[in-house]
Amino acid sequence: MCGILGFFSANTNVSNDFQSALKKISHRGPNGLNSKILSLTRGCGQFGHSRLSVIDLTELANQPMTSKCGNFTIIFNGEIYNYKEIKLLLEKEGMKFFSDSDTEVLLNSWIFWGEESLEKIQGMFAFAIFDNKKQKVICVRDAFGIKPFYYCIKDDTFCFSSEIPPILDLLPDCCAPNYQISLSYLKDGLYDHTNETFFNNVMQLMPGGLIEIDFSEKLHFSLKKWWNPSINLKYNLTFDEASKKLRNLFLESVRFHLRSDVPIGAALSGGIDSSAIVCGIKIVNPDLCINTFSFIADGNSLNEEKWVDIVNRKVQALEHKLNSRSLSLDSNFDEFLVAQGEPFGSTSIFAQYCLFELVQNSGITVTLDGQGADEIFAGYRGYPAERIKSLLEEWKLRSAFKLLFKSQKIKCFSKLDVIKNLIYMSLPVSLRKKIKTLYRFNEYDKFLDKTFVLTNNLELNKLDEYNYNYKEKGRRLMFVLREMLSGKGLGALLRHADRNSMHWGIESRVPFLNTEIVNFVLGLPEEYLYSDDFDTKYILREALKGIVPEDILARRDKIGFEAPEKEWLIASKPFILEVLNDVKSVPILNYYQCKKLIDKYFKNPNSFDSRLVWRIVNYSRWYKINFVNS
């Protein structure tokens, strides 16, 4: 796990600011900073790398790493979990290795197989390879976007990094706010769902994306997806056969994710997913002493300590708990905000940030986390409308109505909600757009500066939604799950975890986000993800029997990783009112309406969603740090 930085320009010499820009991501790799000037026929190129040593701790694994032939140079952030197996295949083909690192395996895989190597490796990665002979640089992001990749193209200059600040250092003219993304965030809580960022000229490479830059004549940019899994029904397996195969795939993924030359721990919330990881580790390596890390919301309905304790007792874990009462939003708020890099949705990300600090203080370098299972197995809200739509398309009317009447088992949906969603997704795109434009501003949009929004032609209701006109009948649920796994739902969660963990020099691994698991699940019958009683994660619960305690598998009340946001905001009232002054410098916000709204909230915290208050405060401080104090 590391940080990467690249700079290529057809018009300028090597940037004198490169080393200082590289230091901006030194927290991602506290074990060393290295850089290399690359040979371009015209202009200049540089690779930079900050290293967190996890596999092969020797200097032989340092980056940038150049192939034996001298033609290829790589910088790589992430891990290739099946590198030992890939290395054996390459050695049989006559390739020689000088290190025990997964970086060298990735480099030689690309040299030998090219783009086909991406289908062979299992891991999380963002990497760039420079081909000296062809004068090309290839940039690749893993299938799910676990590891970040930001880039900016300006004139004949291409710059990329694991985080945004180094790009803005090297291309300061690109530092401008993206008000459309800002509006989507402030109004609807949307972010990290497209290739745009909160900075107008900085983009992110989407999950499963590949960029090729050709410098042989003039800068030529091309972008494509290397991973787009099929959602066609592929497997003729009984439910029992499928659950056994899933169990084997899951345990194999956990086994691969335990490969490390440094100490490993696990995040544990008490839900099915994190419990599966912890209990899976015990199955795969019974002798391993497991360090677990849990956030405990004291004296709150969100408190899941009893579930955490059940799992810890089962695996005899060395437990580490972080209690919410020991934390305050006031403490290191700006440092935390800078660590995230861009605005974010709720205070639960602050809880995660503090939990990774506990991981670092406990001497653990790598953690395993249950992230991604909900997006694979239709957890939490369950996408009932999409599943019912599939049944209706197959004329399974009885099953559709049965699910409709049981959909209230999912807390955030009523039958009326499901019916509305069914009608909406059945409408033509043109009609859905007209519905959105029926209103411009509503009661809770008053905190926005209406004049600024209209003058700048910002779209108030730009919800980048799924393509409900997908033609394959009976696979609506699988289509939406693929969309979620491709960035529209998972992107923000993975960004939070990456920035929080890497700020503390911790590598966070996610065994569920494995292409073999996802390819398999997306090819199963949709009913395998639901029971007849509308229980979500049906096949996962079955696959984990005998691994995870029955009490955990029987849970139906898990709502996600939540912090006591309301209590924290109330306790931080003086600080929030102080931050409210930052709104005066934010052109997209109406200061007086924001103040009125926040005063109303503190008089009656149950009057509306606390996340709106959080977004206003969060965005205003971020804006001040990046565009007022800069």
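Aromatic ring centroids of His496 and Phe356 lie 6.0 Å or more apart. Taking the six-membered ring where the residue is Trp, the centroids of Phe350 and Phe336 are separated by under 6.0 Å. Ring to ring, Phe130 and Phe72 are not that close: their centroids are 6.0 angstrom or more apart.
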Is there a side-chain hydrogen bond (donor to acceptor under 3.5 Å, both in side chains) between Ser348 and Glu565? Walk through the geometry before answering. CA-CA 7 Å; Ser348 63; Glu565 182 163 270; over 6 Å; no
Can you list the steps and then say if Phe256 with Glu79 is a side-chain contact (heavy atoms from CB on, under 4.5 Å)? CA-CA 10 Å; Phe256 276 135; Glu79 300 291 350; over 6 Å; no
Report the C-alpha separation of Phe520 and Leu249 in whole Å, then their side-chain angles, then the decisive distance to 0.1 Å, and conclude whether the side-chain contact (heavy atoms from CB on, under 4.5 Å) test is met. CA-CA 9 Å; Phe520 175 66; Leu249 288 172; 3.9 Å; yes
Evaluate ring-ring contact (aromatic ring centres under 6.0 Å, His included) for Tyr81 paired with Tyr83, printing each intermediate quantity in order. CA-CA 6 Å; Tyr81 301 117; Tyr83 73 99; 9.1 Å; no
For a side-chain contact (heavy atoms from CB on, under 4.5 Å) check, start with the C-alpha distance between Asn31 and Leu57, then their side-chain angles and the critical distance, and finish with the verdict. CA-CA 9 Å; Asn31 301 123; Leu57 309 185; over 6 Å; no
Step by step, would you call Asn34 with Arg51 a side-chain hydrogen bond (donor to acceptor under 3.5 Å, both in side chains)? CA-CA 8 Å; Asn34 292 288; Arg51 185 183 180 195; over 6 Å; no
One pair to check against side-chain contact (heavy atoms from CB on, under 4.5 Å): Ile281 and Val315. What are the steps and the verdict? CA-CA 9 Å; Ile281 292 172; Val315 302; over 6 Å; no
Trace of the side-chain hydrogen bond (donor to acceptor under 3.5 Å, both in side chains) decision for Tyr185 with Gln180: CA-CA 9 Å; Tyr185 166 75; Gln180 184 61 65; over 6 Å; no
Apply side-chain hydrogen bond (donor to acceptor under 3.5 Å, both in side chains) to residues Asn195 and Gln204 and explain how you reach the verdict. CA-CA 5 Å; Asn195 65 341; Gln204 65 167 323; over 6 Å; no
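Separation of atoms CH2 (Trp307) and CG (Asn312) is listed at 14.5 Å; rounding is to 0.5 Å. For the atom pair CD1 of Ile376 and CG of Leu481, the computed distance is 9.0 Å after rounding to the nearest 0.5 Å. His257 NE2 to Thr367 OG1: the interatomic distance, rounded to the nearest 0.5 Å, is 11.0 Å. Here the straight-line distance linking atom CD1 of Ile75 with atom CG of Leu5 works out to 7.0 Å at 0.5 Å rounding. Between Leu52 atom CG and Ser26 atom OG the span is 12.0 Å, to the nearest 0.5 Å. Annotation: the span from Ile25 atom CD1 to Ser161 atom OG amounts to 4.0 Å, rounded to 0.5 Å.
Of the charged side-chain nitrogens involved, none lies within less than 4.0 Å of a carboxylate oxygen, so that Glu375 and Arg482 do not count as a salt-bridged pair. One finds no salt bridge joining Asp142 and Lys147 here, because no Lys/Arg side-chain nitrogen approaches an Asp/Glu carboxylate oxygen to under 4.0 Å. No salt bridge links Glu163 with Lys24; every basic N to acidic carboxylate O contact stays at or beyond 4.0 Å. With salt bridges taken as basic N to acidic carboxylate O contacts below 4.0 Å, none links Lys87 and Asp102. Salt-bridge formation is not detected for the pair Asp100/Lys84: no Lys NZ or Arg NE/NH1/NH2 atom is positioned less than 4.0 Å from an Asp or Glu carboxylate oxygen.
For Lys154, the side chain to side chain contact (heavy atoms under 4.5 Å, CB included) criterion is met by Asp173, Cys174, not counting sequence neighbours. Checked against side chain to side chain contact (heavy atoms under 4.5 Å, CB included), Thr103 has the following partners two or more places apart in sequence or in another chain: Gln63, Met65, Ile74, Phe76, Ser101. Remark: Phe250 pairs with Phe512 by the ring pair (Phe, Tyr, Trp, His ring centres under 6.0 Å) rule, at least two apart or across chains.
When the options Ile181, Ile164, Ile167, Asn178 are evaluated for a side chain to side chain contact (heavy atoms under 4.5 Å, CB included) with Thr197, the one that passes is Ile164. Between Trp622 and the choices Phe344, Phe333, Phe199, the ring pair (Phe, Tyr, Trp, His ring centres under 6.0 Å) rule is met once, by Phe199.
No more than 12 heavy-atom neighbours from other residues, nucleotides or ligands sit within 6.0 angstrom of NZ on Lys23. Shown here is Glu116, whose CD atom has no more than 12 heavy atoms of other residues, nucleotides or ligands within 6.0 Å. Heavy-atom neighbours of Glu115 CD from other residues, nucleotides or ligands within 6.0 Å: above the threshold of 12.
Ring planes of Phe295 and Trp568: perpendicular class, angle over 60° (limits at 30 and 60°). His503 and His27 have tilted rings, their planes meeting at an angle from 30° to 60° on a 0 to 90° scale.
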